[in-house]
Number of protein chains: 2
Amino acid sequence: MTPLDRSSDRAIYRQIADDLRADITAGVHGPGDRLPSESELVARYGVNRRTVQHAFALLIAEGLVYSEHGSGRFVQGRPPVRRLASDRFARRHRRAGKAAFTVEMEQAGRAYDPASDVEMLDLRTGSAPEAIAARLGLSGADKVLVRARRYVVEGLPLQIATSYVPLDLAEGTAIMSADTGPGGIYARLEESGHRLTRITEDLAVEVAAEPVQRLLRLPVGAPVIHLIRTAFAGERAVEVCDTHLNATAFELSYELPAR
Amino acid sequence: MTPLDRSSDRAIYRQIADDLRADITAGVHGPGDRLPSESELVARYGVNRRTVQHAFALLIAEGLVYSEHGSGRFVQGRPPVRRLASDRFARRHRRAGKAAFTVEMEQAGRAYDPASDVEMLDLRTGSAPEAIAARLGLSGADKVLVRARRYVVEGLPLQIATSYVPLDLAEGTAIMSADTGPGGIYARLEESGHRLTRITEDLAVEVAAEPVQRLLRLPVGAPVIHLIRTAFAGERAVEVCDTHLNATAFELSYELPAR
DNA sequence: GAGTGGTCTAGACCACTCA
DNA sequence: GAGTGGTCTAGACCACTCC
């Protein structure tokens, strides 16, 4: 512990935050460890409780600490990184009966079972939001199948994914069912003769807003990756998937043309 | 304005934040607008000043508001989105004498001049950090050229990019100079016979830490995109670029193989 | 029940901005 | 100099957790 410098330009609460941050990054307090309580720090530094709270507020905003009412404050461990590789939509995976996310989790050595770890949030026919309809080359009035799911891996909600499939492509296939079968939506589309030729992903980082923040169990201000994937069969967009990912839980890899 | 519900489970400061947030999203207060002062809100809601501050702290953490000491609190306008397209490293751009970032900014219609908007932060020969050296297939002892630059577009710092080039590839070329010439590093590498075959990008989202937070002029807790690009000529990695982007200022597009 | 964090009030002094 | 936000203290009541 560094003694406070009351004559410093740096605010007391920042000095306390600096002290705690240093201890965290130095490993004095590891991920999941309980940090000193407010009253302990009040005694240690000889400051008001609100000043200690202010220091913690800073560390929480930085994503280093989280708070549990009645229990204490703890070092935020980064969720283990899930790598999304650029070949995750390779046909061989679909042929092997595996959906892209399943492939990723297996490669990462995660305990993941699509049957129990994917919750259906919404499954209906309806219209698509304008931005999605535009990507599908549809008007807002055209009907699509809407499938919203939440993926929870090892107790951690990782992503909310909403797929939109033009109704004429989904009807009469397992895409309409809760369980789309081996290889997922893309496998079913290819079985129906819509061979995928191209997949694009547009991604942006946002600060989580309700209800995504709640569904991913994120703290206020936490970033999410908003990823919109469009799958093409020839010139036709056959599916759009609108996904929100727990940003700090993923690493994404892509390959770019150099030619 | 919604009157406060003192008997509600929802904290007073949250109710005030909800009220302000609703006004912001409804456009009552547009980007850059000054929000009501603390004393005004104290009078309006009949609460303590600290409670108003608590409400603002929430909106600031959410990235909706920023504060200027002595002046007021203002609606945070999202920086205009810069789209990074998947073909930005196409050879035709280099042939046309344009670096990838230049291409992007032109396509976005931004006023951007590489001669004045790129600041050199570091230019030296030395060793690369371990993670970078590994990507280059080098040992930590091997010498590389290090080029760190900050890109400021229309007054907004957008990215900090540090390139690492094995010294044997950089020596004797303009890559060693502050100005790498038309088409940038990649154009010079190709002129030396190192025809680029493949470019990979690995990206992760992080909460900005010093000094990146300062260099990008970001508020506490703001997300950055940490992007590591590796350029290959045949099997050899000829450059690694380690970049931090202002996360909310960019939208990235990629194309994925479906086959 | 003891300890923890969550919220709210009252009041104070300060630093900064803008006219 | 008036108004703004930044910081700090003192004290209070409450809700939650864990034993």
Side-chain angles (χ1 to χ4, degrees), chain A residues 3-20 24 29 32-76 213-214 217 219-221, chain B residues 3-20 24 29 32-76 217 219-221:
Chain A
L4 297 182
D5 177 0
R6 303 220 76 131
S7 66
S8 163
D9 272 354
R10 194 148 181 91
I12 302 293
Y13 80 92
R14 287 188 190 275
Q15 295 184 46
I16 295 173
D18 291 344
D19 233 23
L20 292 167
I24 291 170
H29 307 293
D33 283 1
R34 196 170 162 287
L35 291 163
S37 71
E38 290 182 3
S39 52
E40 188 175 339
L41 294 173
V42 163
R44 180 188 298 179
Y45 292 106
V47 298
N48 188 272
R49 191 176 149 218
R50 298 298 308 270
T51 305
V52 170
Q53 288 181 330
H54 204 165
F56 274 120
L58 200 58
L59 298 173
I60 289 170
E62 291 171 6
L64 285 176
V65 168
Y66 67 92
S67 195
E68 289 204 351
H69 192 176
S71 173
R73 293 194 176 88
F74 302 84
V75 177
Q76 179 72 265
Q213 180 207 339
R214 194 170 25 76
R217 288 206 296 266
V220 170
Chain B
L4 297 183
D5 177 0
R6 292 246 167 202
S7 64
S8 165
D9 273 353
R10 194 147 181 92
I12 301 294
Y13 80 91
R14 286 187 191 275
Q15 294 184 46
I16 295 173
D18 291 345
D19 233 22
L20 292 167
I24 291 169
H29 308 292
D33 284 1
R34 196 170 161 287
L35 290 163
S37 73
E38 289 183 2
S39 51
E40 186 175 339
L41 294 173
V42 163
R44 181 189 298 180
Y45 292 106
V47 297
N48 187 272
R49 191 177 149 218
R50 298 300 307 273
T51 305
V52 170
Q53 287 181 329
H54 203 165
F56 274 121
L58 201 56
L59 298 173
I60 289 169
E62 291 171 6
L64 286 175
V65 168
Y66 65 92
S67 196
E68 291 204 350
H69 193 177
S71 173
R73 293 193 176 89
F74 302 83
V75 177
Q76 178 73 265
R217 288 207 296 267
V220 169

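Owing to the predicted nature of the structure, the values given are computational and were not obtained by experimental measurement. Each chain gets a letter, A, B and so on, in the order its sequence line appears, and its residues count up from 1.
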_Side chain of A/Thr51 - closest among C/dA15, D/dT9, C/dC8_ = D/dT9
*For B/Phe56 and D/dT4, what is the distance between atoms CZ and C1' respectively, to the nearest whole Å?*
11 Å
*Could you state the CG-C1' distance from A/Asn48 to C/dT7, rounded to the nearest angstrom?*
14 Å
_Which nucleotide in C/dC8, D/dA10, D/dG5 has an atom nearest any side-chain atom of B/Ser67_ = D/dG5
*Determine: side-chain N/O of A/Ser37 to OP1/OP2 of C/dG3, distance under 4.0 Å, yes or no.*
no
*side chain to side chain contact (heavy atoms under 4.5 Å, CB included) between B/Gln53 and B/Glu38: does it pass, once the steps are laid out?*
CA-CA 7 Å; B/Gln53 287 181 329; B/Glu38 289 183 2; 3.2 Å; yes
*Taking atom P of D/dC8 as reference, at what distance in whole Å does atom CD of A/Gln53 sit?*
13 Å
*Stepwise side chain to side chain contact (heavy atoms under 4.5 Å, CB included) check, A/Arg14 with A/His54*: CA-CA 8 Å; A/Arg14 287 188 190 275; A/His54 204 165; over 6 Å; no
*Got a second to check how far A/Ser39's OG is from A/Arg44's CZ, nearest 0.5 Å?*
11.0 Å
_Residue A/Arg49, side-chain heavy atoms: nucleotide from D/dT9, D/dG6, C/dG5 that is nearest_ = C/dG5
*Is a donor-acceptor contact shorter than 3.5 angstrom present between the side chain of B/Arg14 and the base of C/dG6?*
no
*asked:* Quick check for you: among D/dG5, C/dT17, C/dT9, whose closest atom lies nearest to any side-chain atom of B/Ser71?
replied: C/dT17
_Separation of D/dA10 P from A/Ile12 CD1 (nearest whole Å)_ = 13 Å
*Paired with C/dA10: which nucleotide, if any, by Watson-Crick or G-U wobble criteria at under 3.5 Å for both distances?*
D/dT9
*asked:* At less than 3.5 Å, do the side-chain atoms of A/Arg50 and the base atoms of D/dG11 form a donor-acceptor pair?
replied: no
_Interatomic distance where NE2 belongs to B/His54 and C1' belongs to D/dG6 [whole Å]_ = 16 Å
*For B/Arg10, which contact category applies under a 4.0 Å heavy-atom criterion: base, sugar-phosphate, or nothing?*
nothing
*Interatomic distance where CG belongs to B/Asp9 and P belongs to C/dG6 [whole Å]*: 16 Å
*asked:* Would you say that B/Leu41 contacts B/Phe56 through its side chain, given a criterion of any heavy-atom pair below 4.5 Å between the two side chains?
replied: yes
*Can you tell me the distance, in whole Å, between the CD atom of A/Glu68 and the P atom of C/dG5?*
11 Å
*How close or far is atom P of D/dT7 from atom CG of A/Leu4, stated in whole angstroms?*
15 Å
*Using the six-membered ring for Trp and the full ring for Phe, Tyr or His, decide whether A/His69 stacks on the six-membered base ring of D/dA15 (centres under 5.5 Å, planes under 30°).*
yes
_If you only use heavy atoms from C-beta on, which nucleotide in C/dG5, D/dC8, D/dT4 is closest to the side chain of A/Tyr13?_
D/dC8
*Across all strands shown, which nucleotide pairs with D/dA2 by Watson-Crick or G-U wobble geometry, both distances under 3.5 Å?*
C/dT17
*Report the C-alpha distance between B/Ile16 and B/Leu4 in whole Å, list the side-chain angles of each, state the deciding distance to 0.1 Å, and finish with yes or no for side chain to side chain contact (heavy atoms under 4.5 Å, CB included).*
CA-CA 8 Å; B/Ile16 295 173; B/Leu4 297 183; 3.9 Å; yes
*Please work out if A/Arg73 contacts a base, only the sugar-phosphate, or nothing of the nucleic acid, heavy-atom cut-off 4.0 Å.*
sugar-phosphate
*If you measure from CG on A/Leu59 to OH on A/Tyr13, what distance do you get to the nearest 0.5 Å?*
11.0 Å
